[in-house]
Structures are given as structure tokens and as C-alpha cells.
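Below you'll find the structure, written out as C-alpha cells, and then a few comments.
Excluded from the calculations below are hydrogen atoms, water molecules and symmetry mates; all remaining heavy atoms, backbone and side chain alike, are included. Throughout, a chain's letter reflects where its sequence line sits, starting with A, and its residues are numbered from 1.
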Amino acid sequence: MEDRIYKLWEESGFFNPDNLPKLANGKERTKPYCIIMPPPNANEVLHLGHALMTTLEDILIRYRRLQGDATLWLPGADHAGFETQVVFEKKLEKEGRSRFQFDRETLYQMIWDYVQENKDVARNQLKRLGASCDWSRNKFTLDKDIVRIVYQTFEKLCKDGLIYRGPRIINWCPKHQTGLSDLEVKYEDREDKLWYIKYPIVELKNPPPVSFDASRGGQSSLRGGSKNSSPPLGGVRGDFDYIEVATTRPETMLGDTAVAVSPKDKRYKKLVGQRALLPLMNREISIVADSAVEMEFGTGAVKVTPAHDATDFEIGQRHNLESISVIGRNDKMTAAAGAVYAGLPIAEARKKIVEDLEAQGFLMKEEPYRHSVGVCYKCGRVIEPLVSEQWFVKIKPLAERAVKAVKKGEVKFISAKYEKIFQHWMANIRDWNISRQIVWGIRLPVWYCLASPDSTQQDEKSCYVISDQKPKKCPKCGATEFVQETDTFDTWFSSGQWPFATLQTTNAGDFEKFYPTAVMETGWDILFFWVARMIMMGFYATGQKPFSQVYMHGLIRDKDKKKMSKSKGNVVNPLAVVDENGADALRMALVFNAASDSDLPFNEDKVVAQKRFANKIWNAARFSLSNLAGFNPENIKPKFTAADKQILKDLGEVIKKVTKDLDSFNFHEAAQSAYHFFWHQFCDKCIEDVKKRIKEPRSELDKTTAQYVLWKVLGDSLKLLHPFMPFITEAIYQEMPYKLHQALIVETWPAE
RNA sequence: GGGCGCUUAGCUCAGUUGGUUAGAGCGUCGCAUUUACACUGCGAAGGUCUGAGGUUCGAGCCCUCAAGCGCCCACCA
């Protein structure tokens, strides 16, 4: 049944706003209403979250279509750069292969082919769920015209001075060999150790070796952290022999270029500006005062490794410190770590350094320490902060516009709670690293100038040209030979442009007609990743907001409120549920129970309940239709009984309520009202009453009146239920004896 | 360290600006009917709305505090 109905809709062309019929009053549909679908990953099998998204958006679209709007629901697919590449890498690993065996072009082609294989999966799944989106406007994030727009935006950002490239500390995932944005790093509590190391003050030419002795070295002031105690290990006659630092990562000390203390810390005042000698490396480093240092923590003095810690990097910038990378991208110590340690994996280097420090008397003590560690959100490997050349967007100017728009209500969050979260994040936003060292994505349109044609060296990347094609000559340096940047954009950089990029590349006039779009409906988990960026980039690129309203739905959890994940094995395949109970039942179950802006536990019982409802609808319709053969409401002057008047009044009220609730995104209330009315007022009372009057009519007029009531209430109920349960309502509508339109999907929303 | 949210029937949750006897789905119990529909109908049991205090003629809803649970953000070495 469902396939047949979907085909009927598709063939009618009613998913396409250009093909929608005129309104019942003969007027054109003038009011545009557009939702851009959050594009599912192109290689992905849909999960219940997608089913919820599809249901909510389809409800809105179908409701607005019935209201007479020119509705466009624009579907698409996302290449999902890093996500997809990770999936593909896993597949390679299973086959005993590795991404690093392939050159760039081969790997890209392999992933491309892989995605093509799965391309139609999601699309067919969406159809099974009843999504009334316009497939003729389907877009893919790697379509050439989309890529062109992404390039245009990048160029504009460059021209406006909002893009910079430079060595910055980034979150490096050693497994995936790419930098990640701050949002892609998750934090886990780990049991670790805190090592206390002393760095001799340089004035003492030959610091006397001190043997490792915790009882002597670890002073009570360090353990207790008392603010008023004297500085750790103050030397004889009030001078310092050394300064003591605490660290969880002793191996990074090889790259230390300073020791920092709080500017407010009186204990160390004398030392600021002096120099310390870095143990093991015998390198002199400076002692600086920086407000990033908490005087209460540890010894109040911190070793500064600009190359391997984000905070230290910033301290380094403020004090012009040198940045020495002692850990490489391969998780091993570099040559800069010194001959003794170069080439060692991090863990071994750490072990050896602690041993050496202890042997040489620099290790004061070690203590267990619990703290949070950044890990890759995909593989869980500890993130290695590294300094690397990356591309950044200066985000503050973009953020300011977005913050203002939301504050003024230009862009309205349906749930105020998400607006708060949004504003809080925007207020603390940091520059956005948009380059990724992966191949699956949109390659940066950057061409580095080669100094001389015969040179293949590309480490002098000081001059480059922004162009989507290989440039002929650099206008700045005159170079004629170039090498293209190998980095690709963060997927969200292109996704952030999705609302305008899609509408600018579909039919002519679409952008003018449908932008800004009406609603952005998506899961709250991508508020920062996506919604915030769309608002920022929409304003930046088009001067307009990308959408007027934001509705964020919750996560679907399992019946024990646990997050669904493949590893837990509690993932529900929506299509299996559809096969078992029908798409209508699943859709209704997803919106019926709870407000969909908070997380929803999923339970198959809920679907079964709605399957029963569908059955009830079916049977009520069967009864009604069998008693309405040849019925025509025209030229009937019904004489209503008290019961008739009551049900018509109730019908008016439920129409009013459902309309109001759909206008305010109260999907569950709208669903419950329609459900309750249909079952307990129409079926239980009205049909029972009408049944008798048709079987044993008191008069011919009473019989036609009863038929009229049946026809009217059933017809309007179908319209009310259609956004939620489109298949069964359309199937019944097609059997109705008297209908004004070709299909229910383009009927007129009932008036109270 | 900051911020947000939740706590209502056995379970999952509604309850829109404070206004009679606090609702739904599922589950439980009793009765009825072979019916458009047993994927049914009628009815019943089941709640000191987390706790304490306050505002009010009136509080599940507003305010304060407390407890439990959950989530988000953050540069604690």
C-alpha cells in the first residue's frame, strides 16, 4: 500500500513547489515555505534519529502544503569528510589494508566509489518513511556547483582578511593523522601521574646534584598547596637554587622554552625575568609571568612547552617564546628531542625521561593524579597537541552578527534553552581550524608558488594564489609553477553554507523565492557544529539569515534511556520497524509521546499502539465508506441532531487545537489531540450513533444528515491526521466518494 | 571551575499565560460484545505532582533553599 501511495505522490509532482495545483479558491500558492533537509551522510544507513528528523520535517511540510503554501523540502546527501573516511578506513583495516598504502587520487576514487554504492540507500529509506521532499532538487555536497560556491565563500573570506594560515597548535589525532577542531575532541577522566621536577636557576653556575628523596624534596607546602607558605625549596639566604614545576607529561619538557608563574604570585616575584636551566637538555629558558597560571595549582610554577600544549602555545605567543616540536606526527620523539630520545615512542620516552631525571636528581616526587584527557571522538586515542600549519577563520566578526540576529529574534530558537546554550558558546568562540589532513573532502583552492620551476620543495609556503584552477602566474611573486594544497576543508565549512549553496544551485529563482528558509530542524547535538555555523556563514555570504526559526529535536534513546550505539547493540533499524508496523505507526509513535525537543526513549510498544490506531482508522473508514457509496454533499440541507451538533463542535475544537499546536511546534500535543478525537469521539460516539440511524433510518433526511456528518468528520479527520500518518490517510482519501482534489496531499487544511 | 535541564500513576511521558474532581499511551483488574474494528467497547484500581519553606483568595505551574539524576561548555599544568 505504502509503495503505491508514494508512487502516486511522486508521479503527481506535488513534492515540487512548481507543480503544486492552485488553491481551492482558484488562487495561486504565493507564500513560500522552505525547509532544507539536514543531509544524511551519503554512505550511511538511516537510524531512528533520521526517522525522527524526517517525521518532524515532513509533518511541517505537509501541514504547510495543506495550508496552501508553496512548499519546498530540499533533500541532499553529505560527503561527511572525516566521518566517511573513518568508516572507509575501518573497512580497509578489516581487509588488512591501510589508507596510507594509497596515493591521494587512488584513495579519493576508492571512497568515491564506495559512497556511490551506498548513495541510493538513504534516499530509498527516506521514501519508505514517506518524506515528501522534492527529489528533483536533490543535492550532494560534492556537486561541482556546490563546490564552486564553497570556493567563492573561501575567496571572499580571504579578501576580507578573515582567513589566516599559520603555525598554530592543533588537536592532532595520531591514528587518523589529521588535525581536528576543538569540537571533535572529547574529554575522558584518566588516572595519571603528576611529576614534580626542579629546574635549576641559572645564576648558580653548577647546581649541586641532589639525590631523589621525597621526604626532603617534597615539601609540605607543595602537597597542601597553602597559599601563604614560602616558595618551594627556597634556597639558602633567600635566594632560589631552583624552581619546581609539576607536569603530567614529562616527555614534553624537552621542548620547554620557559617556566611561567602567576603575575600575582609574590613567592616567585624575584624570579620573573631570570633564567632557568632545562634539565637533560642543558638549555637556558626564561621565567615569565603570565595570568594563565593558577598560583594554587601544583607548585604555582608551570613548564611552558609552546609546541605541545594549547595554553603553553598562547603563553608562548604572549612572551615571544620559541616553539620546539619534540613530538612528531607519528607519535614519536623528533630529532629536536635530542639524540638520546629521538625516535622513541612517547610512552618509552616518558619512562626514560623520568628515570633520567631521577638519576640526575631533578625529580622531586610523583603522585597519582586524576584529570581529563582529550581524545579523538572517533577512535578514542589521546589527542596530541601539535604545532602545525593550518588554515583558520577569524570567527569573531562572523559570530557578532549571529549573536545579534538571535538576540533580536531575527533567528528564533523555538526552545529558549537552546538559545541560551547557543549564546554562551558564541560568546566564548575561538578561531576555527578549517583544514583537515584527509583526502575525502573539498580540497582547498590554494596554490603555493614554487620559487623556481625545478624546485619541488614546498616548505616555503609564504606565497600562494587562491584559485579553483591551477593559476598561470602568481600576481604577487611572478611564479609560474605551483603546487596545490593537499588539505581539505572541514566538512562543516561547506555544510555551514548548505542553505544558500543548495538554493543557489537548484532552479533559477529558487534562492530569491525560498531564502531565507522557514525552519531549520535538526538534532541538538549539532547545534555548534552546524546550526551556529550556518547562521554565521549565511549572514556573511548572503547578508541575510539562512532561516527564521530553529527547531532542535532530542536524541532517540533506547528504552532504558541509553544512547543508541552500534557497540552497545541497541540500535534500532527504522526500516525493520516500518516493515513490521508500517511507516505511519512509526512516525506517529516518534512524535506522540513526548515533547520532541528533549531526548526520547524509544520503545517498540509505542509503535504497536500506533499500529492499532492505524487499524482503527482503517476500520472506521471501511465502515464509513461502505455507507457513503455515491454520496454527494452538494445540495444537501442536513438537519442536525444534538449529537451531530456536538461532534461538529468537537471537530471544530480539535481543528483549532491541532492548528495551534502545529504552528507552535507542539507536535506531540497535536498528535494526541487528533488521536483522541478520532478514536474516542468520532469512533466511539459518532459512528455508533450514526450506525443506528443509517441501519434503521427515522427519516430519509435523518439518514442523509447522518451520512453528511460521517463524510464531514471523516474527511476533516483525514486532513488533520495526514501530516502525521500520510499513507493511510491518503489511501482512504482516494476511496472517498466525493473529493475536491486529486490527492489528500494537496487538499485544504480544514477550518474550524 | 562555569552553565543548562530533569524529578507528576507500575513504566514512558503530557500538563500552553497559576483557576473546579491532575491527563495520555502501555501495563493491571472486572464486565460486555462476534462487531466497521478482539489491533474492540464500557468501566475500575492506581498519584501527599522529589523534599522544606515562601508569595497568593488559590500553586504541579511563580520565588528561595535542599536532595537525587542527567547533559553541555572550559587553556587545572
Would you mind listing every side-chain hydrogen bond (donor to acceptor under 3.5 Å, both in side chains) that reaches into residues 414-426 of chain A, with sequence neighbours excluded?
A/S415-A/D597

Nearest 0.5 angstrom please: A/D584 CG to A/M1 CE, how far?
6.0 Å

Determine the Euclidean distance between corresponding P atoms of B/rG43 and B/rG23; express it in Å to zero decimal places.
15 Å

Side-chain-base donor-acceptor pair under 3.5 Å for A/K606 and B/rC26:
no

Check whether any side-chain nitrogen or oxygen of A/R430 sits under 4.0 Å from OP1 or OP2 of B/rC75, and answer yes or no.
yes

Between B/rG58 and B/rG53, how many Å separate the two P atoms, rounded to a whole number?
16 Å

If pairing means Watson-Crick or G-U wobble with both distances under 3.5 Å, then the partner of B/rC65 is B/rG51

If I pick the P atom on B/rC26 and the same atom on B/rC39, what distance separates them, to the nearest angstrom?
13 Å

With respect to the phosphate group of B/rG25, does any side-chain polar atom (N or O) of A/H680 fall under 4.0 Å of OP1 or OP2?
yes

Determine, for A/W679 and A/R612, whether the Lys NZ or Arg CZ falls below 6.0 Å from the six-membered ring centre while staying within 45 degrees of the axis.
no

Report which part of the nucleic acid A/K420 touches: base, sugar-phosphate, or nothing (heavy-atom distance under 4.0 Å, all strands).
sugar-phosphate

Considering only the C1' atoms, how many Å lie between B/rU8 and B/rG47, rounded to the nearest integer?
7 Å

Looking at B/rU17, which nucleotide sits across from it as a Watson-Crick or G-U wobble partner, both distances under 3.5 angstrom, or is there none?
none

I'd like to know if A/D192 and A/R370 make a salt bridge, using a cut-off of under 4.0 Å between side-chain N and carboxylate O.
no

Considering heavy-atom distances to RNA chain B, does A/D182 or A/S598 have its closest nucleotide positioned more toward the 5' end?
A/S598

Identified pairing partner of B/rC75, criterion: Watson-Crick or G-U wobble below 3.5 Å:
none

P spacing across the pair B/rU7 / B/rC63, given as an integer number of angstrom:
14 Å

I want to check a possible cation-pi pair here: A/K365 against A/Y196, using under 6.0 Å from ring centre and within 45° of the ring axis as the test.
yes

Does any donor-acceptor pair link the side chain of A/E688 with the base of B/rA36 at a separation under 3.5 Å?
yes

Base, sugar-phosphate or nothing for A/H371? Non-hydrogen atoms, less than 4.0 Å.
sugar-phosphate

When both distances are under 3.5 Å in a Watson-Crick or G-U wobble arrangement, the nucleotide paired with B/rG58 is none

In whole angstrom, give me the gap between the P atoms of B/rG10 and B/rG41.
24 Å

Quote, to the nearest angstrom, the P distance that separates B/rG15 from B/rC62.
12 Å

Taking atom C1' in both B/rA9 and B/rU48, what distance in whole Å separates the two?
14 Å

Who pairs with B/rG70 - Watson-Crick or G-U, where each distance is under 3.5 Å:
B/rC4

